[in-house]
Amino acid sequence: MRPSMRQQKNAALRRLLTDTPFVVAPAVHDMFSLRLAEQAGFDSACISGAMLSYSLLGVPDIGLLTLTECVEHCRRLTRHARIPITADGDAGYGNPRGVHHAVELFEDAGAAGLNIEDQVVPRRWGSTRRKEVVPVGEMVAKLAAAVRARVDDNFMIIARTDAFGVEPIGQIIARARAYQDAGADMLLPIGPVSATCEADVAALVRALRIPVTLSAGTGLQPAASAGHLTLERMREIGVRRASLTTLLPLAAMRGMGQSLGTLQEALQPASASTAESPAMSPTIDALFDTAGQMAFEEALLESWAR
């Protein structure tokens with residue numbers, strides 16, 4: 001029987017990660033960004049949960065998007081995609097039963113793989129702030145459930161770990177090996193922040209049979225989420241994939257902001273044409289008052305902890 005288009009894209013991502021020394025996957029958030037990524041020649045893409053949270057809700061990625069919302073957004077993109085796209089499943093939407101259900105839905109929606117993280121829920125937002133991770137056994141059970149749930153063996157289970165914020169490298173490697181043994185197909189460590197982060201990432205690469213991927217922001221400058229490593233340095237130490245979570249959303253924001261600023265100038269009377277036009281290309285943080293959102297999140301989590 002001829003493989004379905006979905007199976008072909010799943011297999012294409014597997015081949016890409018096996019045959020290509022270094023894969024760059026831009027995050028796509030709508031059909032414009034998807035088509036542009038394809039036209040630019042990228043062989044795969046990803047969906048960033050953080051960028052979805054910003055673009056759909058206008059809030060940081062603190063777990064407010066529902067499973068249904070994320071799955072349906074994924075489906076809208078993948079049904080027209082010519083390239084494989086991985087999705088973001090946060091902490092799996094519950095216990096191993098929730099993970100099993102989530103994998104079934106995302107695979108049915110056309111994703112070629114799914115990130116599942118080991119953060120404690122409610123999750124922390126950002127790369128380096130006070131994070132907590134679940135015990136290794138709890139995450140292993142979730143990954144095992146994810147493996148059992150998938151129909152196509154080429155559907156990738158991507159284990160994200162936030163342990164760099166709370167554990168030394170020896171424990172992180174042991175955790176990563178347990179995830180690998182549970183069936184994870186790729187490891188996504190977030191926010192290596194120590195002075196030895198490059199050596200730590202290289203040690204992870206050497207310790208695992210599965211590929212390591214990093215979340216690299218725009219890719220145009222080093223990002224905290226990737227330990228401030230450049231794309232070239234990632235390639236040199238053996239990281240297999242870099243996901244560029246903020247490149248296209250930021251480019252879209254700045255392009256729209258510049259167009260609106262130009263329009264405002266054109267609408268001004270001639271006598272006011274020399275006045276300075278307002279800045280129309282804010283950062284994501286400024287646009288959505290992220291500092292205020294972070295303060296709210298901290299107060300909320302502290303109240304839950306009491």
>> Tell me whether Arg35 at atom CZ has more than 12 heavy atoms from other residues, nucleotides or ligands lying less than 6.0 Å away.
In response: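 For Arg35, atom CZ is crowded (more than 12 foreign heavy atoms under 6.0 Å).
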>> Counting neighbours of CD on Glu232 that are heavy atoms of other residues, nucleotides or ligands and sit closer than 6.0 Å, is the number greater than 12?
In response: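 Yes - once you tally the heavy atoms of other residues, nucleotides and ligands closer than 6.0 Å, there are more than 12.
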Compare all side-chain heavy atoms of [X] with those of [Y] and state whether any distance is below 4.5 angstrom.
X: Pro189; Y: Val212; answer: yes
X: Arg240; Y: Thr213; answer: no
X: Met156; Y: Leu17; answer: yes
X: Leu248; Y: Leu36; answer: no
X: Val239; Y: Val205; answer: yes
X: Asp118; Y: Arg175; answer: yes
X: Ile210; Y: Asp185; answer: no
X: Leu187; Y: Gln180; answer: no

Sub-3.5 Å donor-acceptor pair from the side chain of [X] to the main-chain atoms of [Y], do we have one?
X: Gln7; Y: Asp152; answer: no
X: Ser225; Y: Ser215; answer: yes
X: Ser259; Y: Gly255; answer: yes
X: Thr20; Y: Val23; answer: no
X: Glu69; Y: Thr66; answer: yes
X: Ser243; Y: Ala25; answer: no

> Under a 4.0 Å N-O cut-off, is there an ion pair linking Asp88 with Arg160?
Replying inline: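 So Asp88 does not pair with Arg160 through a salt bridge.
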>> Closer than 4.0 angstrom, basic N to acidic O: yes or no for Asp108 and Arg75?
In response: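 Yes, charged N to carboxylate O under 4.0 Å.
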> side-chain contact (heavy atoms from CB on, under 4.5 Å) between Val71 and Cys74: does it pass, once the steps are laid out?
Replying inline: CA-CA 5 Å; Val71 167; Cys74 174; 5.6 Å; no
>> Using the rule given for side-chain contact (heavy atoms from CB on, under 4.5 Å), can you reason through Ile237 versus Leu229, listing the C-alpha separation, both sets of side-chain angles and the distance that settles it, and then say yes or no?
In response: CA-CA 10 Å; Ile237 65 176; Leu229 298 176; 4.0 Å; yes
Which heavy atom of [X] sits nearest a heavy atom of [Y], and at what distance?
X: Pro192; Y: Val201; answer: CG-CG2, 3.9 Å
X: Gly219; Y: Leu244; answer: CA-CD2, 3.7 Å
X: Thr230; Y: Pro222; answer: CG2-CG, 3.8 Å
X: Leu231; Y: Ala216; answer: CD2-CB, 4.0 Å
X: Gly191; Y: Phe164; answer: O-CB, 3.7 Å
X: Pro3; Y: Gln8; answer: O-NE2, 3.1 Å

For the atom pair [atom1] ([X]) and [atom2] ([Y]), what is the distance rounded to the nearest 0.5 Å?
X: Leu260; Y: Glu265; atom1: CG; atom2: CD; value: 11.5 Å
X: Leu16; Y: Phe42; atom1: CG; atom2: CZ; value: 12.0 Å
X: Thr86; Y: Ile158; atom1: OG1; atom2: CD1; value: 4.5 Å
X: Thr161; Y: Ile173; atom1: OG1; atom2: CD1; value: 11.5 Å
X: His29; Y: Leu34; atom1: NE2; atom2: CG; value: 11.0 Å
X: Arg241; Y: Arg235; atom1: CZ; atom2: CZ; value: 15.5 Å

>> side-chain contact (heavy atoms from CB on, under 4.5 Å) for Leu220 and Leu247? Distances and angles first, verdict last.
In response: CA-CA 8 Å; Leu220 302 176; Leu247 176 68; 3.8 Å; yes
Quick one: do [X] and [Y] end up in the same hydrophobic cluster if we chain Ile, Leu, Val, Met, Phe, Trp and Tyr together by side-chain heavy atoms under 4.5 Å apart?
X: Ile85; Y: Leu56; result: yes
X: Val121; Y: Tyr179; result: no
X: Phe22; Y: Leu214; result: yes
X: Phe32; Y: Met256; result: no
X: Met5; Y: Phe155; result: no

Enumerate donor-acceptor pairs with a distance under 3.5 Å from any side-chain N or O in residues 90-101 to protein atoms, sequence neighbours excluded.
from, atom 1, to, atom 2, distance (Å)
Asn95, OD1, Arg97, N, 3.0
Asn95, OD1, Gly98, N, 3.2

> Under the salt bridge (charged side-chain N to carboxylate O under 4.0 Å, His left out) rule, what pairs show up with a residue in residues 197-207, not counting sequence neighbours?
Replying inline: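 Non-adjacent pairs meeting salt bridge (charged side-chain N to carboxylate O under 4.0 Å, His left out): Glu198-Arg233.
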> Could you walk me through whether Ile190 and Lys131 pass the side-chain contact (heavy atoms from CB on, under 4.5 Å) check?
Replying inline: CA-CA 11 Å; Ile190 291 289; Lys131 293 187 175 182; 3.9 Å; yes
